[in-house]
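Here the structure comes first, spelled out in structure tokens, and everything after it is commentary.
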Amino acid sequence: MVTLTGKGVFGGVAIGRISFYQRAVSTIKRYHVDDVEAEIARVDAARGKAVEELQRLYQKALAEVGEANAQIFEVHQMMLEDLDYQDSIANIIRTQEVNAEYAVGTTGDNFAQMFAAMDDEYFKARAADVKDISERLVRILNAAGDGQVVADEPVIVAADDLVPSETVQLDKDKVLAFVTMKGSVNSHTAIIARTLNIPAIVDIGEGLKEEYNNKLAVVDGFTGTLYIEPDEAVLKEMEAKREEDIQKKLLLQEMKGKETVTLDGREIKLYANIGNVADAGIALKNDAGGVGLFRSEFLYLENSDYPSEDQQFQVYKTVAENMAGRKVIIRTLDIGADKQIGYFDLPEEENPALGYRAIRICLTRTDIFRTQLRALLRASAYGKISIMFPMIISVEEVREIKGILEEVKAELRGAGIKFDENIEIGIMIETPAAVMISDLLAKEVDFFSVGTNDLTQYTLAIDRQNPKLEKFYNPHHTAILRMLEMVTENAHANGIWVGICGELGADMELTETFLKMGIDELSVSPAYILPLRKKIRETDVSKL
Ligand code: PEP
Ligand code: MG
């Protein structure tokens with residue numbers, strides 16, 4: 001048994017096999033090799049693995065879609081074993097003294113061309129298959145995958161690190177837990193794990209080796225411990241811990257349908273943070289009173305190009321409809337910093353967290369902003385949508401945003417397209433500047449939502465992504481608590497409500513403090529809704 005420790009980002013116990021996350025490799029490099037026989041041996045080993053994969057796929061397909069559809073995987077196995085195909089690869093390696101990946105890629109291309117040129121329709125169709133098996137071989141040779149989890153059953157996904165765009169694209173049904181060598185508990189990958197209720201550990205370090213691929217392991221997200229090939233005693237203990245956790249969560253089910261109200265009668269809005277339509281389902285399952293933060297940028301992260309107005313409209317409308325009249329606060333695009341998207345073509349920056357991100361992009365690339373606002377407004381006709389703007393630092397910015405919003409509204413009115421004329425707008429308070437002018441900002445908008453993740457980062461001058469700084473990253477810092485107090489007072493003095501949508505909102509050590517301050521709303525990962533409701537219902541603010 002190997003025991004590794006990192007930082008737990010979401011409690012829970014998962015038991016399953018480890019599967020290393022494999023990134024897509026789009027180009028095949030050609031390079032010289034001295035030992036051609038060793039290179040050919042690599043191809044043979046890769047072929048063995050590919051055949052195993054195909055046998056598993058055949059069995060799965062046989063069970064799920066029947067013999068006729070499963071046969072293709074048998075055909076692929078036969079093609080891999082084809083002597084002409086194998087000879088061609090070995091020949092290229094020997095005569096050109098090149099690497100296996102190049103020889104396989106070239107053979108795949110040559111054979112595909114040959115098949116494509118045949119008259120017989122059956123052989124023509126084999127062109128795609130020979131490319132497919134060659135890509136499978138190259139992927140195995142590269143020890144890289146198609147950017148997905150290559151497994152038939154749910155696994156513990158291991159990786160050096162996962163960026164948000166990779167995490168959002170994972171097939172969640174196949175993920176029991178995440179474990180990463182690097183990463184920070186404040187990253188968006190960690191946030192996604194919490195939203196999905198998936199035990200996760202980050203910053204395990206180099207001890208997490210690829211040789212553990214496929215080995216049985218236990219993730220204890222409560223303590224941040226990963227046990228690889230656990231012994232009997234640990235396995236038993238962890239099975240019991242998992243069961244206990246499940247039972248605890250079951251007990252919380254009795255909180256469903258109850259009001260989120262303190263013992264002395266104060267009602268708190270308890271909302272969920274989500275990133276897509278599926279998360280809205282999780283929010284409902286946990287009986288969220290609404291959505292307090294829909295990170296709309298996840299929609300952009302999941303796409304390979306700018307999502308169109310209609311595409312966005314459908315997503316926002318679906319979430320609004322599914323939440324059935326409950327409030328849905330959608331935050332406009334917040335990319336940049338750790339959330340990078342290739343097609344935005346953003347320049348590299350020395351200090352991305354202090355750089356071109358969020359509303360700064362929207363106010364310079366207003367075409368993107370207007371498209372999103374149109375989609376949001378159109379969707380507002382189908383539910384109770386509010387719009388929230390991230391990374392605000394000035395009153396001028398808010399006025400500019402409101403100006404653009406009014407223009408977009410006028411366009412829609414002109415075109416006879418319906419939308420909610422009274423749509424609420426709010427801003428994230430996540431920069432010290434916004435805190436210090438919250439009295440002025442409160443006159444401009446309908447609500448505030450404090451983004452404590454960024455507010456902590458910018459107040460303490462600590463990169464939220466840097467694992468080395470985690471012991472200094474302290475959202476309980478008096479500076480942050482005073483800021484929350486100041487923002488709440490300024491909000492209430494101006495008749496607007498204030499919430500917290502950063503991770504701190506779910507921190508039950510501070511729930512009483514927040515209630516005492518007068519915070520009106522807490523928006524948290526769905527899994528924290530019921531425990532928080534219980535806590536709030538047990539609190540008497542008048543006695544604090
Ligand atoms: C925050 O900064 O606290 C927040 C909620 O936004 P994000 O984590 O997406 O930056
Ligand atoms: Mg933020």
Side-chain angles (χ1 to χ4, degrees), residues 9-10 163-165 167-168 183-196 202 271-276 279 283 290-302 328-341 352-362 386-393 397 426-435 438 447-466 470 473-477 479-481 483-484 487 498-507 510 514 519 521-526 528:
V9 299
F10 185 74
V163 296
S165 62
T167 319
V168 294
S184 112
V185 295
N186 305 303
S187 69
H188 283 91
T189 291
I191 289 172
I192 293 168
R194 278 178 217 125
T195 306
L196 295 171
V202 296
Y271 294 168
N273 292 348
I274 67 165
N276 55 35
D279 291 350
V291 168
L293 169 64
F294 178 173
R295 290 183 164 94
S296 72
E297 60 275 10
F298 285 9
L299 176 60
Y300 293 71
L301 284 164
E302 283 165 358
V328 176
I329 301 175
I330 305 181
R331 175 174 78 184
T332 58
L333 182 63
D334 180 8
I335 58 153
D338 67 319
K339 287 174 281 193
Q340 291 293 335
I341 304 179
L354 301 180
Y356 189 50
R357 67 170 282 198
I359 202 69
R360 300 168 188 178
I361 295 177
C362 290
S386 307
I387 309 181
M388 176 158 77
F389 303 98
M391 285 293 291
I392 295 300
I393 57 167
E397 232 168 30
I427 54 172
M428 302 266 311
I429 301 287
E430 52 184 346
T431 62
V435 173
S438 49
F447 65 92
F448 284 160
S449 187
V450 185
T452 48
N453 309 335
D454 277 316
L455 186 60
T456 306
Q457 151 164 276
Y458 296 125
T459 304
L460 305 185
I462 289 177
D463 178 358
R464 67 191 259 195
Q465 292 285 116
N466 187 339
E470 256 160 37
Y473 182 96
N474 173 21
H476 289 216
H477 196 294
I480 305 297
L481 299 180
M483 284 178 155
L484 276 163
V487 171
V498 58
I500 299 177
C501 64
E503 299 298 289
L504 196 66
D507 188 332
L510 290 176
F514 296 151
I519 295 279
E521 178 238 31
L522 293 170
S523 188
V524 298
S525 295
Y528 296 129

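Order of appearance sets the numbers: ligands from 1, and atoms from 1 within every ligand.
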Which of the numbered atoms in ligand 1 are under 4.0 angstrom from any heavy atom belonging to [X]?
| X | value |
| --- | --- |
| Asp454 | 1 (C), 2 (O), 3 (O), 10 (O) |
| Cys501 | 5 (C) |
| Arg295 | 4 (C), 5 (C), 6 (O), 7 (P), 8 (O), 9 (O) |
| Leu293 | 5 (C) |
| Gly451 | 1 (C), 2 (O), 3 (O) |

Any side-chain to backbone donor/acceptor pair from [X] onto [Y]? Under 3.5 Å, distance only.
| X | Y | answer |
| --- | --- | --- |
| Asn276 | Asp279 | yes |
| Ser449 | Met428 | no |
| Tyr458 | Ala353 | yes |
| Ser525 | Tyr528 | no |
| Gln457 | Arg464 | yes |

Does [X] have a non-hydrogen atom less than 4.0 Å from ligand 1?
| X | answer |
| --- | --- |
| Glu503 | no |
| Met428 | yes |
| Met388 | no |

(request) Tell me which part of Arg464 gets within contact of ligand 1: side chain, backbone, both or neither, using heavy atoms under 4.0 Å. (result)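 Arg464 to ligand 1: side-chain contact only, backbone stays beyond 4.0 Å.
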(message) Heavy-atom distances under 4.0 Å decide this one: backbone, side chain, both or neither, for Asn273 against ligand 1?
(response)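 Answer for Asn273: neither.
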(message) Check this for me, if you would: do Asp334 and Arg295 make a salt bridge, where the nitrogen-to-carboxylate-oxygen distance has to be below 4.0 angstrom?
(response)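 No, no charged N to carboxylate O under 4.0 Å.
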(message) Tell me whether Glu297 is salt-bridged to Arg331, with the criterion being a basic N under 4.0 Å from an acidic carboxylate O.
(response)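 Looking at Arg331 together with Glu297, the answer is yes, because their closest N to O distance falls below 4.0 Å.
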(message) Measuring only between side-chain heavy atoms, which start at C-beta, is Phe447 closer than 4.5 Å to Met388?
(response)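 When only atoms from C-beta onward are counted, Met388 and Phe447 do touch, with a gap below 4.5 Å.
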(message) As a test of understanding, state which of Val498, Ile427, Val487 forms a side-chain contact (heavy atoms from CB on, under 4.5 Å) with Ser438.
(response)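 That would be Val487; it is the only one of Val498, Ile427, Val487 passing the side-chain contact (heavy atoms from CB on, under 4.5 Å) with Ser438.
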(request) Using 2.8 Å as the cut-off, count the protein N, O or S atoms closer than that to the Mg ion (ligand 2). (result)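 Considering protein N, O and S only, the Mg ion (ligand 2) has 2 within range.
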(message) Nearest 0.5 angstrom please: Ile329 CD1 to Ile387 CD1, how far?
(response)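 Here the interatomic distance stands at 11.5 Å.
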(message) Quick check for you: to the nearest 0.5 Å, what is the distance between Ile480 atom CD1 and Thr452 atom OG1?
(response)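 Result: 8.0 Å between the selected atoms.
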(request) Decide whether an N or O pair under 3.5 Å exists between Glu297 and ligand 1. (result)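 No; the residue has no nitrogen or oxygen that sits under 3.5 Å from a nitrogen or oxygen of the ligand.
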(message) Heavy atoms only: which of Arg357, Lys339, Gln457, Glu430 lies closest to atom 2 (O) of ligand 1?
(response)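 Minimum heavy-atom distance to atom 2 (O) of ligand 1 goes to Glu430.
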(request) Could you please spell out the steps behind the side-chain contact (heavy atoms from CB on, under 4.5 Å) verdict for Ile191 and Glu503? (result) CA-CA 8 Å; Ile191 289 172; Glu503 299 298 289; 3.7 Å; yes
(message) Starting from atom 6 (O) of ligand 1, what is the nearest protein heavy atom, named by residue and atom, and what distance separates them?
(response)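 Closest protein heavy atom to atom 6 (O) of ligand 1: Arg331 NH1, 2.9 Å.
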(request) Look at atom 7 (P) of ligand 1 and say which protein heavy atom is nearest, naming residue and atom and giving the distance to 0.1 Å. (result)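 Nearest neighbour among protein heavy atoms for atom 7 (P) of ligand 1, to 0.1 Å: His188 NE2, 3.3 Å.
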(request) Give the C-alpha distance, both sets of side-chain angles, the deciding distance and a yes or no for side-chain contact (heavy atoms from CB on, under 4.5 Å) between Asn466 and Tyr473. (result) CA-CA 9 Å; Asn466 187 339; Tyr473 182 96; over 6 Å; no
